[in-house]
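Worksheet for the structure shown next.
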Amino acid sequence: QQAILAVHRVRDGFVKARTAVANQIRGLLSEFGLVLPQGIQILRHRLSELLDDATHELPELFRTLIRSLYEHFKTLDQQVQEHEVVLLNWHKNHADSQLLETIPGIGPITATALVASIGDIHAYENSRQLSAWIGLVPKQHSSGGKTLLQGISKRGDVYLRTLLIHGARAVVRAKGYKPDADTRVTQKCPANVVAVA
C-alpha cells in the first residue's frame with residue numbers, strides 16, 4: 001500500500017509539473033499575441049501547428065525555446081501516463097479497488113488511492129469517522145451546548161479530498177446540474193457546493 005501511494009505522489013508531482021510547463025508556454029505565447037485557450041488537450045493539438053505556421057512573425061530563438069518547453073511537456077505527459085498504467089494494473093488485481101470503482105465519480109485512480117490510504121476499513125467505526133479522517137466534514141466550533149459548524153476544514157488528506165471532489169464534479173456535470181425541488185442542498189447552492197456535499 002505504501003508503494004502504491006508513492007506512485008500516486010510521484011504521478012501527482014508530474015501532473016503539477018506538466019501543468020506548470022503548459023501554463024508557462026501559454027503565458028510566453030500570449031506575450032507575443034498568440035493566445036491559446038486553457039487545457040492540456042488544446043496545447044497538445046494546436047501548439048505544433050502554431051509553431052510551424054510561418055504567418056506568425058515569431059523570432060526563431062523564441063520558436064526554439066517554445067519547442068524545447070514543449071518537448072519537456074511531452075516527457076512529463078509520458079511519465080504521467082506510465083504511472084497511470086502502473087496504477088491501472090494494481091487496480092485490476094484488487095477486488096476492493098474494483099468495488100469502489102462502481103460508485104459514480106470514482107475511477108481507478110481514486111479507487112486505488114482510497115484502498116491504499118485507508119488500509120483496513122474496520123479501523124473506522126462508521127463513515128463519519130472516515131470522512132473526518134479524509135477532511136470532508138465541517139470545521140466545528142462548539143461550546144456550552146451551542147453547535148457552530150463552518151465550512152470544510154483543510155485538515156485531512158488533501159490528495160484524497162481533491163480526487164473525491166473532482167469525481168463528484170464530474171458526476172454533477174454529467175447529470176447536468178439543475179436545482180432539484182426534493183433536495184434542499186441543490187435548491188440554493190452552486191454546482192461546486194453540491195459536488196462537495
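Hydrogens, waters and symmetry mates play no part in the numbers below; they use all other heavy atoms, side chains included. Count residues from 1 along the sequence.
- Follow the hydrophobic side-chain contacts under 4.5 Å out from Leu99 and you never reach Val115; the two are in separate clusters.
- Going from atom CZ of Arg26 over to atom CG of Leu29 covers 9.5 Å, rounded to the nearest 0.5 Å.
- Rounding to the nearest 0.5 angstrom, the gap separating the CZ atom in Phe32 from the CZ atom in Arg63 is 10.5 Å.
- Connection of Leu28 to Ile42 is not established within any shared hydrophobic cluster, with ILVMFWY side chains joined at heavy-atom distances below 4.5 Å, either directly or through further cluster members.
- Electrostatic pairing of Asp157 and Arg161 does not count as a salt bridge here, judged by no charged N lying under 4.0 Å from a carboxylate O.
- A salt bridge is defined here as a Lys NZ or Arg NE, NH1 or NH2 lying under 4.0 Å from an Asp or Glu carboxylate O, and Arg67 with Glu60 meets this definition.
- Few gaps surround NZ on Lys74; more than 12 heavy atoms of other groups in view lie less than 6.0 Å from it.
- Between the CG atom in Leu160 and the CD1 atom in Ile165 there is a gap of 11.0 Å [rounded to 0.5 Å].
- Proximity of Pro37 to Arg46: side-chain heavy atoms (C-beta onward) are separated by under 4.5 Å at one or more points.
- The nearest pair of heavy atoms linking Ala113 to His8 is N-NE2, 3.3 Å.
- Under a 3.5 Å cut-off, the side chain of His83 and the backbone N or O of Gln79 do form a donor-acceptor pair.
- Gln98 contributes a side-chain N or O that, together with a main-chain N or O of Lys92, makes up a donor-acceptor pair within less than 3.5 Å.
- Residue Ser97 comes nearest to Ala111 through the heavy atom pair O-CB, 3.3 Å, listed as atom of the first residue, atom of the second, then distance.
- A distance of 9.5 Å separates CD1 in Ile25 from CG in Leu36, rounded to the nearest 0.5 Å.
- Around atom CD of Gln38, no more than 12 heavy atoms belonging to other residues, nucleotides or ligands sit under 6.0 Å away.
- Without hydrogens or angle criteria, Thr162 side chain to Val158 main chain gives a donor-acceptor distance under 3.5 Å.
- At a threshold of 4.5 Å between side-chain heavy atoms, the hydrophobic network of Ile, Leu, Val, Met, Phe, Trp and Tyr places Ile103 and Leu87 in one connected group.
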For Leu114 and Leu164: C-alpha separation, side-chain torsions, deciding distance, then whether side-chain contact (heavy atoms from CB on, under 4.5 Å) applies. CA-CA 9 Å; Leu114 281 167; Leu164 290 170; 4.2 Å; yes

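- Taking the six-membered ring for Trp and thresholds of 30 and 60 degrees, Tyr124 and Trp133 have ring planes inclined between 30 and 60 degrees apart.
- Contact between Ser30 and Val35 at its shortest, heavy atoms only, is CB-CG2, 4.4 Å.
- Counting only heavy atoms from C-beta outward, the side chains of Asp96 and Ile121 never approach each other to under 4.5 Å.
- No single ILVMFWY cluster, assembled from side-chain heavy atoms under 4.5 Å apart, contains both Leu88 and Leu5.
- A distance of 8.5 Å separates OG1 of Thr112 from CZ of Arg11, quoted to the nearest 0.5 Å.
- For the atom pair CG of Leu50 and CD1 of Ile66, the computed distance is 9.5 Å after rounding to the nearest 0.5 Å.
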